[in-house]
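No hydrogens, no waters, no symmetry mates; every other heavy atom, side chains included, goes into these values. Convention: sequence-line order gives letters A, B, ...; per-chain numbering from 1.
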There are 2 protein chains.
Amino acid sequence: MKNNYLYREKKIMTMKTVTEMTGLSERQIRYYETQKLIFPERTCSGTRRYSFSDIERLMDIAEKIEDGVLTREIRDDLYKRRKKVLIQETKRL
Amino acid sequence: MKNNYLYREKKIMTMKTVTEMTGLSERQIRYYETQKLIFPERTCSGTRRYSFSDIERLMDIAEKIEDGVLTREIRDDLYKRRKKVLIQETKRL
DNA sequence: CGTGTAAGGAATTCTGACACG
DNA sequence: CGTGTAAGGAATTCTGACACG
């Protein structure tokens with residue numbers, strides 16, 4: 001459903017809400033951003049905005065880190081997956 | 001879908017995001033709250049939190065007010081609709 | 001009635017840095 | 001490496017009030 005997608009992907013939450021929903025600290029959330037694991041939008045004045053999808057991704061990241069996975073491994077995995085998707089899309093054309 | 005409901009009804013947005021999404025002023029949004037047309041949650045520190053559902057409701061309210069409908073008429077309509085739902089639920093028992 | 005605005009305080013967010021390890 | 005924290009400034013939010021009509 002298109003509406004469902006809009007709700008899930010729209011970047012609308014501020015940091016506070018995200019810490020409440022994920023249980024992570026601001027520090028952790030900002031650090032994962034510097035490591036290119038998460039990509040919030042910014043308002044014109046510079047405050048971050050997250051989506052429900054980001055929340056889910058953050059909880060996934062947190063779980064992996066607890067299991068001892070390094071942020072760069074998580075990032076490499078993310079890039080590999082993206083590459084795969086791009087290759088498949090290229091083949092389709 | 002249960003997930004869809006969660007995204008739509010969860011109170012997660014702050015005032016700024018709501019003004020951006022609805023085009024309404026903070027003043028208008030707070031006023032509609034005093035008139036019991038909209039019911040944001042509050043964090044422990046007192047800041048309001050709105051859901052996607054609230055956004056849609058606010059845009060509906062704004063449209064009615066532009067058409068000259070009074071806030072108390074909108075509220076009375078809301079109460080009537082709720083009463084109707086309650087009566088139907090009562091009958092079902 | 002519905003909305004704008006200035007006022008002043010409180011809560012939020014941001015960045016860059018020091019710390020530990 | 002991943003996270004905590006104190007620092008200081010900027011942006012956000014809140015309430016109660018005055019204003020217009």
Side-chain angles (χ1 to χ4, degrees), chain A residues 10-52 54-80, chain B residues 10-52 54-80:
Chain A
K10 190 126 195 177
K11 310 262 185 178
I12 37 84
M13 278 174 260
T14 52
M15 186 54 94
K16 190 79 184 310
T17 314
V18 177
T19 64
E20 285 164 7
M21 290 183 74
T22 62
L24 300 172
S25 69
E26 296 188 14
R27 184 68 164 102
Q28 288 174 304
I29 296 165
R30 294 204 192 98
Y31 179 66
Y32 300 156
E33 183 180 347
T34 67
Q35 299 309 103
K36 299 190 187 310
L37 300 183
I38 189 90
F39 311 93
E41 283 181 2
R42 297 278 187 141
T43 63
C44 34
S45 52
T47 58
R48 276 167 263 248
R49 287 288 189 281
Y50 301 87
S51 66
F52 279 109
D54 290 331
I55 300 288
E56 288 162 19
R57 172 141 190 76
L58 278 168
M59 299 204 288
D60 184 54
I61 292 168
E63 203 177 312
K64 280 178 182 153
I65 287 180
E66 272 182 58
D67 291 346
V69 184
L70 300 176
T71 54
R72 73 151 299 171
E73 293 172 337
I74 302 177
R75 184 177 60 245
D76 290 348
D77 256 36
L78 179 60
Y79 286 175
K80 260 183 219 160
Chain B
K10 192 125 192 177
K11 309 264 184 176
I12 36 81
M13 279 173 257
T14 51
M15 186 55 93
K16 191 78 184 312
T17 315
V18 177
T19 63
E20 285 164 7
M21 292 184 74
T22 62
L24 300 173
S25 69
E26 296 189 14
R27 184 68 163 100
Q28 288 174 303
I29 295 165
R30 292 203 192 99
Y31 179 66
Y32 302 156
E33 184 179 347
T34 67
Q35 298 310 102
K36 298 189 188 310
L37 300 182
I38 190 88
F39 310 94
E41 282 181 4
R42 297 281 187 137
T43 63
C44 35
S45 52
T47 58
R48 276 166 264 248
R49 287 290 187 282
Y50 301 87
S51 65
F52 279 109
D54 289 332
I55 300 287
E56 289 163 15
R57 173 144 190 75
L58 278 168
M59 299 206 288
D60 184 54
I61 292 168
E63 204 177 311
K64 280 178 182 154
I65 287 179
E66 271 183 58
D67 290 347
V69 183
L70 299 177
T71 55
R72 72 150 299 173
E73 294 171 337
I74 302 177
R75 184 176 59 245
D76 289 348
D77 256 36
L78 178 61
Y79 284 175
K80 259 184 218 159

- Item | CD1-CD distance between B/Ile61 and B/Gln28, expressed to the nearest 0.5 angstrom | 11.0 Å
- Query: Among D/dT3, D/dG2, C/dT13, which is the nearest nucleotide to the side chain of A/Thr47?
  - Reply: C/dT13
- Item | Any A/Ser45 side-chain N or O less than 4.0 Å from OP1/OP2 of C/dT13 | no
- Message: Any side-chain N or O of A/Ser25 below 4.0 angstrom from OP1/OP2 of D/dG4?
- Response: yes
- Query: Got a second to check how far A/Leu37's CG is from A/Lys64's NZ, nearest 0.5 Å?
  - Reply: 9.5 Å
- Message: Could you measure the distance from the CG atom of A/Asp54 to the CG atom of A/Asp60? Nearest 0.5 Å is fine.
- Response: 12.5 Å
- Item | Interatomic spacing from CZ in B/Arg57 to OH in B/Tyr50 - rounded to 0.5 Å | 13.0 Å
- Mind running a 4.0 Å heavy-atom check of residues 13-21 of chain B against DNA chain D and sending the residues that fall below it, in number order? B/Thr14, B/Met15, B/Lys16
- Do you know the tightest heavy-atom contact between B/Ser51 and B/Met13? C-CE, 3.6 Å
- Item | Lys/Arg-Asp/Glu bridge criterion (N-O < 4.0 Å) met for A/Lys80, A/Asp76 | no
- Rounded to the nearest Å, what distance is computed from the CG atom of residue A/Leu58 to the P atom of nucleotide D/dG2? 15 Å
- Query: For the side chain of B/Arg42, counting heavy atoms from C-beta on, which of C/dC18, C/dT12, D/dC14 is nearest?
  - Reply: D/dC14
- Query: Between which residue ranges does DNA chain C form stems of three or more consecutive Watson-Crick or G-U wobble pairs, both distances under 3.5 Å?
  - Reply: C:2-5 with D:17-20, C:17-20 with D:2-5
- Query: So, is A/Tyr32 close to the D/dT3 phosphate, meaning a side-chain N or O under 4.0 Å from OP1 or OP2?
  - Reply: yes
- Quick one: B/Leu70 CG to C/dT3 P, roughly how many Å, whole number? 11 Å
- Message: Could you check whether the side chain of B/Arg48 and the base of D/dT13 have a donor-acceptor pair of N or O atoms closer than 3.5 Å, going by distance alone?
- Response: no
- Query: So, is A/Tyr31 near the phosphate of D/dG2, with a side-chain N or O under 4.0 Å from OP1 or OP2?
  - Reply: yes
- Item | Partner of B/Ile12 under side-chain contact (heavy atoms from CB on, under 4.5 Å), chosen from A/Thr14, A/Thr17, A/Val18 | A/Thr17
- Task: Any chance you could measure B/Ile29, atom CD1, to B/Ile55, atom CD1, to the nearest 0.5 Å?
- Result: 7.5 Å
- Note on the structure: note: B/Ile29, atom CD1; D/dT13, atom P; distance rounded to Å ~ 10 Å
- Nearest to the side chain of B/Arg27, which nucleotide is it out of C/dT12, C/dC18, D/dC18? D/dC18
- Note on the structure: A/Arg49 atom CZ is separated from C/dC14 atom C1', nearest whole Å, by 13 Å
- Message: From CD of A/Glu33 over to P of C/dG16, roughly how many Å is that when rounded to an integer?
- Response: 12 Å
- B/Glu66 CD - C/dG2 C1' separation (whole Å): 13 Å
- Side chain of A/Gln28: nearest nucleotide among C/dT13, C/dG2, D/dG4? D/dG4
- When rounded to whole Å, the CD1 to P distance for the pair B/Ile12 and C/dT12 reads 16 Å
- For A/Leu24 and A/Ala62, work out which heavy atoms get closest and say how close. CD2-CB, 3.7 Å
- Closest to the A/Arg30 side chain, choosing from D/dT13, C/dC14, D/dT5: C/dC14
- Item | Approximate separation, where rounding is to 0.5 Å, of B/Lys11 NZ and B/Thr43 OG1 | 13.5 Å
- Calculate the interatomic distance between B/Leu24 atom CG and D/dT13 atom P; express it in whole Å. 15 Å
